Amino acid sequence: MSIQLPVAHQTNDFKAIVAGRKSVRAYDPMVKISREEMTELLEEATLAPSSVNLQPWRFLVVESEEGKAKLAELAPRNLSQVQTSAAVIAVFGDMKAFDNADEIMSSAVEKGYLPQEVKEQLMANYTGLFSTVPAHVFRDMILLDTGLVSMQIMLSARSRGYDTNPIGGYDKARIAEMFDMDPERYVPSMLISIGKAAQTARPSTRLPVDRIAEWK
Ligand SMILES: Cc1cc2nc3c(=O)[nH]c(=O)nc-3n(C[C@H](O)[C@H](O)[C@H](O)COP(=O)(O)O)c2cc1C
């Protein structure tokens, strides 16, 4: 199979970003992403909305040889993405995300976005609510939020001229422990490989809107 040149360019053209995002599974292994740029990308991605603004996502940016070797063991069916990408971002949901609620709301108060008394009322209400929410409901909630931030990671990457592949095919039961994270606390959501494409993506189609949407 012939290797075609990468097509991603830096752009702020929303249509080009959304239509141009395709799952790329082979990257130029020589291209790395600086910590500074990756931080900017994550900052941009975390503008995503989340339930009660808890921002329950946690990222493990795997770029070292040692880290990639562990991921290769966990994702043998997605080896080329793991091995050739600049990095793989492992996205987790944090079961203890509510512990940050006070810090998050306090920063909104400091910035003048939220009156102190409203913050206190909200904290009291949410503390009551989240103390009764069953773990599986909280888990569903945080996984929904991690999906939103993951999409923004992929779009932010594309606007910077990188390509990505969301990956669900890995050993979710082992990843937290393999990277010394608490498996009870951190729920795996997906891996996202990111790098400079070495191959164009396989084209994919979509169901027509009249098959997937209803108007009432
Ligand atoms: C949650 C999720 C998990 C996925 N897991 C894999 C995977 O394990 N391996 C892979 O090659 N692609 C994976 N994909 C990519 C899909 O196959 C791809 O998004 C789909 O075929 C549409 O193609 P496109 O992304 O190029 O538009 C995954 C996508 C999502 C959203």
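Note that ligands are numbered from 1 as they come in the structure, with each ligand's atoms numbered from 1 the same way. Keep in mind that what you see is a predicted model, and the values were worked out from it rather than measured.
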Lys119 (side chain) donor-acceptor with Val109 (main chain) under 3.5 angstrom = no

request  = Run the numbers for me: atoms of ligand 1, each under 4.0 Å from some heavy atom of Gln81, listed by number.
outcome  = 11 (O)

note = Of all protein heavy atoms, the one nearest atom 1 (C) of ligand 1 is Met190 CE, 4.4 Å

key: Of the listed options Asn78, Thr205, Asp163, Ile167, closest to atom 10 (C) of ligand 1 (non-hydrogen atoms)   = Asn78

key: N or O pair under 3.5 Å between Gly169 and ligand 1   = yes

ask   = Do ligand 1 and Gly168 have nitrogen or oxygen atoms that lie under 3.5 Å from each other?
value = yes

query = Can you list the ligand 1 atoms lying under 4.0 Å from a non-hydrogen atom of Ser204?
reply = 22 (C), 23 (O), 24 (P), 26 (O), 27 (O)

message = Please give me the minimum heavy-atom distance between Ile104 and Asn53, naming the atom from each residue.
response = CD1-O, 3.5 Å

inquiry  = Please compare Ser189, Pro166, Ala201 and report which has the shortest non-hydrogen distance to atom 13 (C) of ligand 1.
reply    = Pro166

message = With a sphere of 6.0 Å drawn around CZ of Arg185, does it hold more than 12 non-hydrogen atoms of other residues, nucleotides or ligands?
response = yes

request  = Name the closest protein heavy atom to atom 26 (O) of ligand 1, giving the residue it belongs to and the distance to 0.1 Å.
outcome  = Ser23 N, 2.7 Å

inquiry  = For atom 27 (O) of ligand 1, what is the closest protein heavy atom, and at what distance to 0.1 Å?
reply    = Arg206 NH2, 2.7 Å

task = Establish whether atom 4 (C) of ligand 1 and some protein heavy atom are separated by less than 4.0 angstrom.
result = yes

message = If we ignore hydrogens and angles and just use 3.5 Å, is the side chain of Lys68 paired with the main-chain N or O of Val82 as donor and acceptor?
response = yes

query = Does Met154 approach ligand 1 within less than 4.0 angstrom via side chain, backbone, both or neither, non-hydrogen atoms only?
reply = neither

Side chain Lys172, main chain Gly169, donor-acceptor under 3.5 Å = no

request  = Give the residue and atom name of whichever protein heavy atom lies nearest to atom 11 (O) of ligand 1, and the separation in Å to one decimal.
outcome  = Arg25 NE, 2.6 Å

inquiry  = One residue to check: Arg77. Relative to ligand 1, which of side chain, backbone, both or neither has a non-hydrogen atom less than 4.0 Å away?
reply    = neither

Residues Asp99, Lys96: salt bridge by 4.0 Å N-O rule = no

query = Is there any N or O on Arg202 that sits under 3.5 Å from an N or O of ligand 1?
reply = no

query = How are the rings of Phe138 and Phe130 set relative to one another: parallel (under 30°), tilted (30 to 60°) or perpendicular (over 60°)?
reply = perpendicular

ask   = Using 4.0 Å as the upper bound for N to carboxylate O, is an ion pair formed by Lys196 and Asp163?
value = no

request  = Taking all heavy atoms of Pro188 and all of Tyr170, pick out the closest pair and write down the distance.
outcome  = CB-OH, 3.4 Å

